[in-house]
Colleague: 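Got a structure for you, written out below as structure tokens; questions coming shortly.
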Amino acid sequence: MALGGNALGRAGGTGSWAEMVRQMRTTAAPIAELAAEGVELLVTHGNGPQVGALLRSTELAAGEVAPRPLFALDAESEGQIGLVIAQELGNALRRAKVPRDVVAWISRVEVSSRDPEFRNPSKPIGAFYDETTARRLRKQNGWTMIHDAARGGWRRVVPSPRPVRWVEGELVRALFDAGLASQWIPIAAGGGGVPVVRRPNGELEGIDAVIDKDRTAAILARTIGARTLVIVTDVPGIALGFGTRWERWVGKIDADELARHERAGEFPRGSMGPKVAAGLEFLGGGGEEFVVTDIPSLARAVRGEAGTHVRRAA
Ligand code: ADP
Ligand code: MG
């Protein structure tokens, strides 16, 4: 199960710790409900706003505290968010008297140093700047900056390479194989995981990038041999003609038909696109079912009563 940004905060919210805890309490309720039914779960989550805030803190504090690289901030955000989920989901389980507990791990995810994103970064991250500041940051830090016409400002863009391998995956798979997932709910690879590349000598090294959490979710699901991949976001499912007068919400669909809509350009790159791509990759690699839903419908969606359900093509 992959939790989107709204599981941990609201658009236009303050991004405060208290708000994150409050929001997670809401998100935890349906997850605890599923846990009470005995569903085995692996949870991952996004980190966009949180890693953006950490990045901004390091910029503001740079005169006094040595800045950490972006991949280290990925790990920091995994730690923070993992803590909040472990705490609030753990408490929800205790309240519901479900004898299960939660464990959060920092995960590294291998990417290829030859990924085209390292030459052409595409993912906007962090604060908005005016043009003069953007030019200075480009010169000072070697950042790639792009102009966001819609929101009227300059922003840093970083590589968003394709995830290749989940470094800690074998351990988590072993936990599932040993039947321990009936007792533990692992939280892993938040924010898509910490990106690492393999040096020619075989050693791993962190690299400044962010990995899309939806694409990592597909790898996590495949690694543990999950039956279902659930992506939890802020809309009740997948729509065709989204935002147009022909908008139609999809209940059930098979992978081939969804792939046809994907090729027809139905799903934008920065939002529904990676979710659909992750779902199709998961189904193509042996997964049975891909579900997109929101928090209020989550428990019903997993039971097949809400959300969009995509089945592996016959
Ligand atoms: P998350 O933080 O959960 O990853 P995103 O903002 O990346 O959320 O993606 C969810 C958003 O995708 C929705 O809020 C919606 O505005 C947008 N979206 C774009 N195309 C579609 C579509 N075809 N069906 C449903 N939602 C879509
Ligand atoms: Mg997203």
Side-chain angles (χ1 to χ4, degrees), residues 1-13 15 19-20 23-24 26-28 30-31 43-53 74 77-78 80-81 84-85 122-126 148 150-151 155 157-158 160 163 187 189-193 210-221 229-253 255 257-282 290-298 301-302 306-310:
M1 174 182 297
L3 304 176
N6 65 308
L8 302 151
R10 276 169 304 108
E19 188 181 289
M20 189 152 84
Q23 188 67 14
M24 190 55 218
T26 308
T27 305
I31 304 178
V43 179
T44 188
H45 56 83
N47 73 341
Q50 293 80 11
V51 79
D74 279 331
S77 70
E78 265 189 77
Q80 289 186 0
I81 301 168
V84 173
I85 300 179
S122 72
K123 176 71 184 172
I125 181 171
D148 183 334
R151 289 195 272 182
R155 243 177 145 191
V157 285
V158 299
S160 180
I187 316 289
V210 292
I211 308 177
D212 183 85
K213 70 110 180 21
D214 297 317
R215 294 168 88 181
T216 293
I219 297 220
L220 303 188
L229 169 63
V230 184
I231 292 189
V232 187
T233 184
D234 57 356
V235 283
I238 300 175
L240 298 174
F242 180 72
T244 69
R245 38 194 282 238
W246 301 278
E247 180 176 279
R248 178 165 72 79
W249 292 90
V250 179
K252 289 190 166 56
I253 192 168
E257 198 188 339
L258 186 67
R260 272 198 298 281
H261 292 299
E262 185 191 42
R263 285 193 297 275
E266 281 276 354
F267 312 118
R269 216 176 137 174
S271 56
M272 194 47 75
K275 299 185 201 324
V276 168
L280 291 174
E281 190 187 317
F282 170 68
F290 166 51
V291 179
V292 178
T293 183
D294 58 8
I295 295 160
S297 307
L298 172 57
V302 171
T308 298
H309 289 252
V310 188

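Along the sequence shown, the residues carry numbers beginning at 1. Just follow the structure's listing: the first ligand is 1, and inside any ligand the first atom is 1.
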Colleague: Does at least one non-hydrogen atom of Pro268 fall below 4.0 angstrom from an atom of ligand 1?
Modeller: yes
Colleague: Please walk me through it: do Leu3 and Ile31 pass side-chain contact (heavy atoms from CB on, under 4.5 Å)?
Modeller: CA-CA 11 Å; Leu3 304 176; Ile31 304 178; 4.2 Å; yes
Colleague: Looking at ligand 1, would Gly270 count as a contact under a 4.0 Å heavy-atom criterion?
Modeller: yes
Colleague: Going by heavy-atom distance to atom 2 (O) of ligand 1, choose the closest among Gly5, Gly48, Gly243.
Modeller: Gly5
Colleague: Could you tell me whether ligand 1 has any atom less than 4.0 Å away from a heavy atom of Gly237?
Modeller: yes
Colleague: Evaluate the side-chain contact (heavy atoms from CB on, under 4.5 Å) criterion for residues Lys123 and Arg155: first the C-alpha distance (whole Å), next the side-chain angles of each, then the deciding distance (0.1 Å), finally the verdict.
Modeller: CA-CA 10 Å; Lys123 176 71 184 172; Arg155 243 177 145 191; over 6 Å; no
Colleague: Going by the atom numbers of ligand 1, which of them fall below 4.0 Å from some non-hydrogen atom of Asp234?
Modeller: 10 (C), 11 (C), 13 (C), 14 (O)
Colleague: How long is the span from the CG atom in Leu8 to the CG atom in Asn47, to the nearest 0.5 Å?
Modeller: 9.5 Å
Colleague: Give yes if a backbone or side-chain nitrogen or oxygen of Ala239 is under 3.5 Å from a nitrogen or oxygen of ligand 1, and no if not.
Modeller: yes
Colleague: Sub-3.5 Å donor-acceptor pair from the side chain of Glu247 to the main-chain atoms of Gly243, do we have one?
Modeller: yes
Colleague: Going by the atom numbers of ligand 1, which of them fall below 4.0 Å from some non-hydrogen atom of Phe267?
Modeller: 23 (N)
Colleague: Can you name the side-chain contact (heavy atoms from CB on, under 4.5 Å) partners of Asp234, sequence neighbours left out?
Modeller: Asn6
Colleague: Is there a polar contact between ligand 1 and Asp214, counting only N or O atoms under 3.5 Å apart?
Modeller: no
Colleague: Within the distance-only criterion (no hydrogens, no angle test), does the side chain of Thr44 pair as donor or acceptor with the backbone N or O of Ala189 below 3.5 angstrom?
Modeller: yes
Colleague: Pick, from Thr233, Asn6, Val292, Val250, the option with the minimum heavy-atom distance to atom 8 (O) of ligand 1.
Modeller: Thr233
Colleague: How about His261 and Val250: do any of their side-chain heavy atoms sit closer than 4.5 Å?
Modeller: no
Colleague: Consider every N or O of Lys213 and every N or O of ligand 1, then say whether any pair is closer than 3.5 Å.
Modeller: yes
